Amino acid sequence: GLYQNISKSDTNYNNALYELSYAYYADSQYDKSLQAAAEGIRLFPEMKGKFMLLQASVLDDMDKKTEAIQMYTQCIQLDVFDYSAHYNRAVTYNQMEQYDSAFADLKKCLLINPFYASGHYLMAMHYLRKGNIVASVLALQTYLIIAPEGRYLNGSIQWLSKIAKASDDVMEYAAKADDSQLGSFAPIQAVLLSKAALDKSYKLKVSLEDNIVRQVQVVNEQLQIDAGSDDFAQQVYVPFLKQLMDKNYFEPHVYTMFGGLDIADIQNWNKRNKKVTEPYFAFANDYLRLIRITQEMTFNKRAQCTQCYLF
């Protein structure tokens, strides 16, 4: 097509070659995609990581998982801050049912870039699979506030709805984890799955009457920072959500979570309450930004970090 008509002497030829490789990939012409990417690496070694990341995705779709993992690993060796390579390798590890390796990559991805929403959704699925329903709820909230109109909006709402109702598949997951594995989340999970918050006598902090809101509120209200924990959810999600509850930001938090839904009451609230949402947005941005510039998982160590990463 048009990409093939661009001269090699054109200053945009490197981008054209990448777009050509991607177009072949999107059209499932995998061999041609790999060839175009290989040509890109040969001609433009400064773009090697970008072309290799595309090659890895092609290999993954060709069901050459081991080769894809090797290629993603090479991408990370080229650029240790390539959060997308960590994320994509985590996706492939999940498909290979190598869940511990996937979890390690997800943690690295989100410490490099905590604003990368898809990483939080995949983290939610990891915790769900492990039976840690509370941690999954925390991760899903984080996904929705970062990308309320994102690709996993429907999936996030569907899982939160299932969790709110303690559906059969959620209870099957929950049965995989005992109290020793859940740690301080154990009593919160017991309350969550009891559905006690669905009783109308439980008072909501917002006017939006919804089972998801009820269950998210009862989870968040019980959160306590466990400074000695080495769990990602305890160190990343709990401090954020506990602080927003303490600051009375739960209302803008909920309306932001649901901001991608085509519901008039929610859209109108968000339009009318920008003065309420702005300080909440600033708080959330500052919290996530501190993770990004320190890449420190442990909450209590972040403020004292002397080494900062700037992107």
Side-chain angles (χ1 to χ4, degrees), residues 76 80-94 97-147 152 155-156 159-160 163 173-174 176-189 192 216 219-220 222-245 284-305 309:
I76 293 165
V80 294
F81 301 119
D82 189 346
Y83 61 87
S84 59
H86 280 288
Y87 173 80
N88 285 318
R89 191 169 68 173
V91 171
T92 305
Y93 274 135
N94 272 337
E97 299 184 358
Q98 296 183 25
Y99 299 124
D100 290 342
S101 295
F103 183 46
D105 265 331
L106 282 179
K107 288 191 290 185
K108 189 64 178 175
C109 165
L110 291 173
L111 290 175
I112 297 171
N113 185 6
F115 294 94
Y116 192 60
S118 294
H120 294 290
Y121 183 80
L122 210 60
M123 187 65 82
M125 296 303 101
H126 167 82
Y127 279 119
L128 186 66
R129 191 184 302 111
K130 291 286 189 180
N132 193 333
I133 313 304
V134 169
S136 183
V137 169
L138 308 186
L140 288 170
Q141 290 180 67
T142 309
Y143 171 80
L144 285 170
I145 65 155
I146 295 172
Y152 296 117
S156 297
W159 273 116
L160 284 172
I163 291 169
Y173 282 126
K176 295 181 178 181
D178 57 32
D179 286 1
S180 65
Q181 293 168 304
L182 295 174
S184 59
F185 286 153
I188 305 176
Q189 185 145 311
L192 171 65
V216 166
V219 165
N220 289 4
Q222 298 176 80
L223 295 174
Q224 295 294 329
I225 297 172
D226 184 356
S229 174
D230 62 356
D231 177 60
F232 182 88
Q234 290 279 6
Q235 293 294 341
V236 173
Y237 298 133
V238 171
F240 170 61
L241 294 163
K242 176 170 171 46
Q243 286 181 76
L244 78 82
M245 297 301 287
N285 182 71
D286 287 347
Y287 181 87
L288 294 172
R289 182 175 176 275
L290 187 59
I291 295 174
R292 183 167 67 178
I293 66 174
T294 62
Q295 294 186 24
E296 174 59 60
M297 189 181 83
T298 305
F299 171 65
N300 288 337
K301 292 181 179 179
R302 265 175 236 145
Q304 285 75 44
C305 268
Y309 299 89

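For clarity, every value in this text was computed on a predicted model and none was experimentally measured.
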Task: Heavy-atom check, side chain of Phe299 versus side chain of Gln243, under 4.5 Å - done: yes

Open item on the list: Under a 3.5 Å cutoff, is there a donor and acceptor pairing between the side chains of Arg292 and Tyr83?
Closed with: no

- [ ] Check whether any side-chain heavy atom of Phe103 sits under 4.5 Å from a side-chain heavy atom of Met123, and report yes or no.
- [x] yes

Task: More than 12 heavy atoms from other groups under 6.0 Å of NZ on Lys301 - done: no

Open item on the list: Would the distance check show the side chain of Gln235 and the main-chain N or O of Gly228 forming a donor-acceptor pair, the cut-off being under 3.5 Å?
Closed with: no

Task: Atom pair CG (Asp105) and CG (Asp100), whose distance is rounded to the nearest 0.5 Å - done: 12.0 Å

Open item on the list: Minimum heavy-atom separation for Asn94 and Ala102, please, with both atom names.
Closed with: OD1-CB, 3.3 Å

Task: Heavy-atom closest contact (Gln295 atom, Leu111 atom, distance) - done: CG-O, 3.4 Å

Open item on the list: Do His120 and Tyr237 pair up side chain to side chain, a donor and an acceptor below 3.5 Å, judged on atom types alone?
Closed with: yes

TODO: Answer whether the closest heavy-atom distance between the side chains of Val236 and Met297 falls below 4.5 Å.
DONE: yes

- [ ] Indicate whether the side chain of Ser229 and that of Asp231 have a donor and an acceptor atom separated by less than 3.5 Å.
- [x] no

- [ ] Would you mind reporting whether Ile146 and Leu288 have side-chain heavy atoms less than 4.5 Å apart?
- [x] yes

Open item on the list: Using modelled atom types and a 3.5 Å cut-off, is there a donor and acceptor pairing between side-chain atoms of Gln189 and backbone atoms of Val134?
Closed with: yes

Open item on the list: When you measure from the side chain of Thr142 to the backbone of Leu138, do you find a donor-acceptor pair of N or O atoms at a distance under 3.5 Å?
Closed with: yes

Open item on the list: Under a 3.5 Å threshold, yes or no: a donor from one side chain and an acceptor from the other, between Gln234 and Ser184?
Closed with: yes

Open item on the list: To the nearest 0.5 Å, what is the distance between CG on Asn113 and NZ on Lys108?
Closed with: 12.5 Å

Open item on the list: Contact between Lys130 and Lys176 at the side-chain level, heavy atoms closer than 4.5 Å - yes or no?
Closed with: no

TODO: Could you please spell out the steps behind the side chain to side chain contact (heavy atoms under 4.5 Å, CB included) verdict for Leu160 and Leu144?
DONE: CA-CA 11 Å; Leu160 284 172; Leu144 285 170; 3.7 Å; yes

TODO: Would you give the length of the straight line joining atom CD of Gln141 to atom OG of Ser136, rounded to the nearest 0.5 angstrom?
DONE: 10.5 Å

Task: Distance, nearest 0.5 Å, that separates OH of Tyr93 from CG of Leu122 - done: 14.0 Å

TODO: Go through the structure and list residues passing salt bridge (Lys or Arg N to Asp or Glu O under 4.0 Å) with Asp82, not counting sequence neighbours.
DONE: none

- [ ] Taking all non-hydrogen atoms of both residues into account, name the closest pair between Leu140 and Met125 and its distance.
- [x] CD2-CE, 4.2 Å

TODO: May I ask you to test the Leu110-Tyr87 pair for a side-chain heavy-atom distance under 4.5 Å?
DONE: no

Open item on the list: For Gly119 versus Leu106, what's the shortest heavy-atom pair and its separation?
Closed with: O-CD2, 4.0 Å

Open item on the list: Within the 4.5 Å heavy-atom criterion, are Val238 and Phe185 side-chain neighbours or not?
Closed with: yes

- [ ] With rounding to the nearest 0.5 Å, note down the distance linking CG in Leu241 to CD1 in Ile145.
- [x] 7.5 Å

- [ ] Nearest 0.5 Å please: distance from the CD atom of Gln222 over to the CD atom of Gln224.
- [x] 9.5 Å

TODO: Verify, without hydrogens or angle tests, whether Tyr127 (side chain) and Ala233 (backbone) share a donor-acceptor contact under 3.5 angstrom.
DONE: yes

Open item on the list: Using side-chain heavy atoms (C-beta onward) and a distance below 4.5 Å, is His86 in contact with Ile76?
Closed with: yes

